[in-house]
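A quick write-up on the structure given underneath.
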Amino acid sequence: QVELMESGGGSVQAGGSLVLSCEVSGITVTSYAMAWHRQIPGKEREAVAIIDSDGTNFYTDSVKGRFTISLDNAKNSVYLQMNNLKPEDTAVYYCAAGAVESEDLEWWLSNPADFGYLGQGTQVTVSS
């Protein structure tokens, strides 16, 4: 059984930082592409960052230079370091895992709907 367990969400003021963690079980992060998605109520889920086992990563334009996705193979976990947070980053953040080709990472960044496994989500709220 595949489980993705997010933690680290919370409330922060604009300009602050948070680190989201995702503990993965049932699959290994070295065998799947890992991603972070987010969803604002009433809007479609979007992917903000994606990474493969080689460390190749991509980010959506709105978070480039502020967010960093990383893997810890030993802990079978994936992280999202979020700096200089803005009110528009407020959303539920989901950890995601997809059995996809590395050459298709950018496509999956833009088309996250059928990516694969999804965690339960963690709320991030950024106040101005």
Side-chain angles (χ1 to χ4, degrees):
Q1 182 179 357
V2 178
E3 288 192 0
L4 308 175
M5 184 66 69
E6 304 96 339
S7 62
S11 297
V12 65
Q13 289 194 325
S17 298
L18 284 173
V19 179
L20 303 184
S21 301
C22 174
E23 295 184 15
V24 180
S25 60
I27 58 172
T28 59
V29 299
T30 54
S31 300
Y32 280 70
M34 302 301 300
W36 286 95
H37 297 178
R38 68 184 181 187
Q39 188 166 24
I40 300 168
K43 293 192 175 182
E44 289 189 356
R45 179 160 45 93
E46 67 167 341
V48 298
I50 191 168
I51 189 170
D52 70 5
S53 58
D54 291 331
T56 301
N57 55 75
F58 298 97
Y59 300 89
T60 194
D61 286 346
S62 62
V63 308
K64 281 181 182 177
R66 301 189 297 121
F67 290 12
T68 303
I69 188 171
S70 62
L71 298 175
D72 186 326
N73 295 343
K75 295 183 178 180
N76 208 37
S77 295
V78 58
Y79 305 94
L80 187 68
Q81 172 74 50
M82 305 186 294
N83 297 328
N84 191 22
L85 283 160
K86 303 177 180 181
E88 52 264 41
D89 294 319
T90 295
V92 177
Y93 283 72
Y94 298 91
C95 178
V100 303
E101 299 294 331
S102 294
E103 61 195 34
D104 298 328
L105 287 183
E106 285 190 280
W107 190 88
W108 284 107
L109 187 69
S110 300
N111 300 275
D114 298 317
F115 182 64
Y117 299 106
L118 207 63
Q120 292 298 307
T122 185
Q123 176 71 46
V124 171
T125 302
V126 184
S127 58
S128 57

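Index from 1, following the sequence. What's counted below: heavy atoms across the whole structure, side chains too, no hydrogens, waters or symmetry copies.
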Point to revise | Residue list, side chain to side chain donor-acceptor pair (under 3.5 Å) with Glu46, at least two apart or on another chain | key: Arg38
**Study point:** Residue among Val48, Ile50, Ile51, Thr68 satisfying side-chain contact (heavy atoms from CB on, under 4.5 Å) with Tyr59
**Key:** Thr68
**Study point:** Side-chain donor or acceptor of Asn73 paired with backbone N/O of Val29 under 3.5 Å
**Key:** no
Point to revise | Side-chain (Asn83) to main-chain (Gly65) donor-acceptor, under 3.5 angstrom | key: no
Point to revise | Ala97 versus Ile27, closest heavy-atom pair with distance | key: CB-CD1, 3.6 Å
Taking distance alone, no hydrogens or angles, what donor-acceptor pairs closer than 3.5 Å link side-chain atoms of residues 100-117 to residues at least two apart or in another chain?
unit_1 : atom_1 : unit_2 : atom_2 : d
Ser102 : OG     : Asp52  : OD2    : 2.8
Asn111 : ND2    : Trp107 : O      : 2.9

Exercise for review: Flag the pair Tyr93 / Glu6 as yes when at least one side-chain heavy-atom distance between them is below 4.5 Å, and no otherwise.
Suggested key: no
Study note, to complete from the structure: Residue pairs meeting disulfide (SG to SG under 2.5 Å), one or both in residues 47-84, sequence neighbours left out, come to none
Practice item. Sorted by first residue and then second, give each disulfide (SG to SG under 2.5 Å) pair with at least one member in residues 4-34; sequence neighbours left out. Key: Cys22-Cys95
Point to revise | Joint hydrophobic cluster, Tyr94 plus Phe67, side-chain heavy atoms closer than 4.5 Å | key: no
**Study point:** All pairs passing disulfide (SG to SG under 2.5 Å) where residues 99-128 contributes a residue, at least two apart
**Key:** none
Practice item. First locate atom OG of Ser17, then atom CZ of Arg66, and finally report the distance between them rounded to the nearest 0.5 Å. Key: 10.0 Å
Revision key, fill the gap. Looking only at heavy atoms, the pair that brings Ser128 and Pro87 closest together is CB-CG, 3.9 Å
Exercise for review: Starting from the C-alpha separation in whole Å, work towards a yes-or-no answer on side-chain contact (heavy atoms from CB on, under 4.5 Å) for Val12 and Met82.
Suggested key: CA-CA 11 Å; Val12 65; Met82 305 186 294; over 6 Å; no
Review point. Got a sec, which residues hit side chain to side chain donor-acceptor pair (under 3.5 Å) with Gln123, two or more places apart in sequence or on another chain?
Key: Thr125
Study note, to complete from the structure: In terms of heavy-atom contacts, Ile40 and Ala91 come closest through CG1-CB, 3.9 Å
Exercise for review: For Leu118 and Ala96, work out which heavy atoms get closest and say how close.
Suggested key: CD1-CB, 3.7 Å
Check your understanding: Counting distance only, does the side-chain N/O of Asn76 pair as donor-acceptor with the main-chain N or O of Val24 below 3.5 Å?
Key -> yes
Practice item. Identify whether the distance between the nearest side-chain nitrogen and carboxylate oxygen of Asp89 and Lys86 falls below 4.0 Å. Key: no
Point to revise | Taking every non-hydrogen atom, the tightest pair across Met34 and Ile69 | key: O-CD1, 3.8 Å
Review point. Would you say Trp36 and Val78 make side-chain contact, with heavy atoms under 4.5 Å?
Key: yes
